[in-house]
**Student:** 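Supplied in structure tokens, the structure appears directly below.
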Protein chains: 2
Amino acid sequence: MRDDLHHTAAGRLKDAKQRYTENRRALVDILAAAARPVPVDDILEQDRSLPQSSVYRNLAVLEQARVVRRVHGSDEFARYELAEDLSEHHHHLVCSNCGKVEDFEAPPGLERTVRNVMDVAERAEGFYANGHRLDLIGLCRDCA
Amino acid sequence: MRDDLHHTAAGRLKDAKQRYTENRRALVDILAAAARPVPVDDILEQDRSLPQSSVYRNLAVLEQARVVRRVHGSDEFARYELAEDLSEHHHHLVCSNCGKVEDFEAPPGLERTVRNVMDVAERAEGFYANGHRLDLIGLCRDCA
DNA sequence: CTTTCTGCAAACGATTTGCAGCAGC
DNA sequence: GCTGCTGCAAATCGTTTGCAGAAAG
């Protein structure tokens, strides 16, 4: 499973004419292990051997190769998670107090409804949606 | 209608022990006139008499007073819109190419579905949602 | 070998803040 | 007057970039 992930990541990097180096593999491992989008600072704490600039640069490369995705919380800090098709489809619980972001799996009916909304957007506004984000904003357990 | 808006804004600022000055009124007017969240740069262009620092400072004050709300697009620029209860409830079409954000009114069935999801989040995760954002990500008419 | 990656340190740029003067109450 | 607001210019800080050396292929 984890091997499969690395295999896919390597393939996508190769398509983008990029190498799958130690540092990049480490980033993918950290993101795969997390149950939430990870802020850059957390990554640096989890692996002190990674220099800040390399982390930023490699996350940008991985994002372009569609291996990871950047996520916005309620604060200014960049957070990253694995690309949608490398993990389960899910949504986010965003704490408006502390900025934390948790993954959340929505009940099945929702996806169908959202699909309809995407069709409406296309017909009504000429907007070609290829994805969506549904974030619930509120107070996490710690801040409640 | 517009007067009512200013009246409400003034009241909320008073509650926060803030004054409703010319500059702040101008910001509310600009946001009320837009059909989309407005980036700070656009505000500065629309009213050259507003100094950058005042715009940032006043938007922060207005946000704390719950008159405006900060919105995240797909780029790094801060965008603002009127608080949810001062405008119509709506969602956003976020262009993943140019970062632009458009307002979009979703069909009624969606809201009911989302309400259910919020209940699920509370029971399953102990997360007290008080709002949501559903953004469709894709290509706007110009970028398609 | 050639191309890409790394890590340091310096640069960048959107946003924030200190401060002296001005305006609201 | 006292308190809060303004606008300038300087500081802040997450993020980006230039460059010389190391590593991948």
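Sequence lines set the chain letters: A, B, ... in the order given, protein chains first and strands last, and positions in each chain run from 1.
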**Student:** Can you tell me how far P of D:dC5 sits from CG of B:L50, to the nearest Å?
**Tutor:** 16 Å
**Student:** Rounded to whole Å, how long is the line connecting atom CG of A:L59 with atom C1' of C:dC5?
**Tutor:** 15 Å
**Student:** So with a 6.0 Å cut-off around CD of B:E105, is the heavy-atom count from everything else above 12?
**Tutor:**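 Counting neighbours around CD of B:E105, 12 or fewer heavy atoms of other residues, nucleotides or ligands fall under 6.0 Å, so no.
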**Student:** With a cut-off of less than 4.0 Å, is there a side-chain N or O of A:Q18 near OP1 or OP2 of C:dT4?
**Tutor:**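 Indeed not, no polar side-chain atom of A:Q18 lies that close.
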**Student:** Let me spell it out: for each of B:V40 and A:V61, pick the nucleotide of DNA chain C with the closest heavy atom. Which residue's pick is nearer the 5' end?
**Tutor:** A:V61
**Student:** Output the rounded distance in Å from CG (A:D75) to P (D:dC13).
**Tutor:** 15 Å
**Student:** Both B:R57 and B:E76 contact DNA chain D. Which one's nearest nucleotide lies toward the 5' end?
**Tutor:** B:R57
**Student:** Examine the base of D:dT3 for any acceptor or donor lying under 3.5 Å from a partner atom in the side chain of B:R19, and report the outcome as yes or no.
**Tutor:**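 Under the 3.5 Å cut-off, the side chain and the base do form a donor-acceptor pair.
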**Student:** What is the separation between atom NZ on A:K14 and atom P on C:dT4, rounded to the nearest whole Å?
**Tutor:** 14 Å
**Student:** On the nucleotide D:dT6, are OP1 or OP2 found under 4.0 Å from the side-chain N or O atoms that B:T21 carries?
**Tutor:**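 Affirmative; the distance criterion is met.
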**Student:** Within the structure, does a side-chain N or O atom of A:N58 lie under 4.0 Å from either OP1 or OP2 of C:dT6?
**Tutor:** yes
**Student:** A:E22 has an atom CD; how far is it from atom P of D:dG25, in whole Å?
**Tutor:** 11 Å
**Student:** Take A:K17 and B:S53, find for each the nucleotide of DNA chain C with the closest heavy atom, and name the residue whose nucleotide sits nearer the 5' end.
**Tutor:** A:K17
**Student:** Reckon B:N23 touches a base, only the sugar-phosphate, or nothing at all at heavy-atom distances under 4.0 Å?
**Tutor:**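 The answer is sugar-phosphate, as B:N23 gets under 4.0 Å only of primed atoms, P, OP1 or OP2.
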**Student:** Nearest whole angstrom, please: distance from the P of C:dT6 to the OH of A:Y56.
**Tutor:** 17 Å
**Student:** For the backbone of A:V67 and the side chain of A:R12, can you confirm whether one donor and one acceptor N or O come within less than 3.5 Å of each other?
**Tutor:**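 No: the side chain of A:R12 does not pair with the backbone of A:V67.
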**Student:** Figure out the CZ/P separation between B:F77 and D:dT15, and round it to whole Å.
**Tutor:**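 About 14 Å, once rounded to whole Å.
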**Student:** State, yes or no, whether a side-chain contact exists between B:R112 and B:P108 at a heavy-atom distance under 4.5 Å.
**Tutor:** no
**Student:** Could you walk me through whether B:H92 and B:H72 satisfy the ring pair (Phe, Tyr, Trp, His ring centres under 6.0 Å) test, starting with their C-alpha distance in whole Å, then the side-chain angles of each, then the deciding distance to 0.1 Å, before giving a yes or no?
**Tutor:** CA-CA 10 Å; B:H92 294 137; B:H72 291 275; over 10 Å; no
**Student:** How close or far is atom C1' of C:dC25 from atom CG of B:L13, stated in whole angstroms?
**Tutor:** 15 Å
**Student:** Which part of the nucleic acid does A:Q52 contact within heavy-atom distance under 4.0 Å: base, sugar-phosphate only, or nothing?
**Tutor:**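 Touches a base.
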**Student:** Among D:dT16, C:dC8, D:dG7, find the nucleotide with the atom closest to the side chain of A:P51.
**Tutor:**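 Among the listed nucleotides, the one closest to the side chain of A:P51 is C:dC8.
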**Student:** Is it true that atom CZ of A:R115 has more than 12 heavy atoms of other residues, nucleotides or ligands lying nearer than 6.0 Å?
**Tutor:**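 Incorrect, the count does not exceed 12.
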**Student:** Classify the nucleic acid contact of A:A60 as base, sugar-phosphate or nothing, counting any heavy atom under 4.0 Å across all strands shown.
**Tutor:** nothing
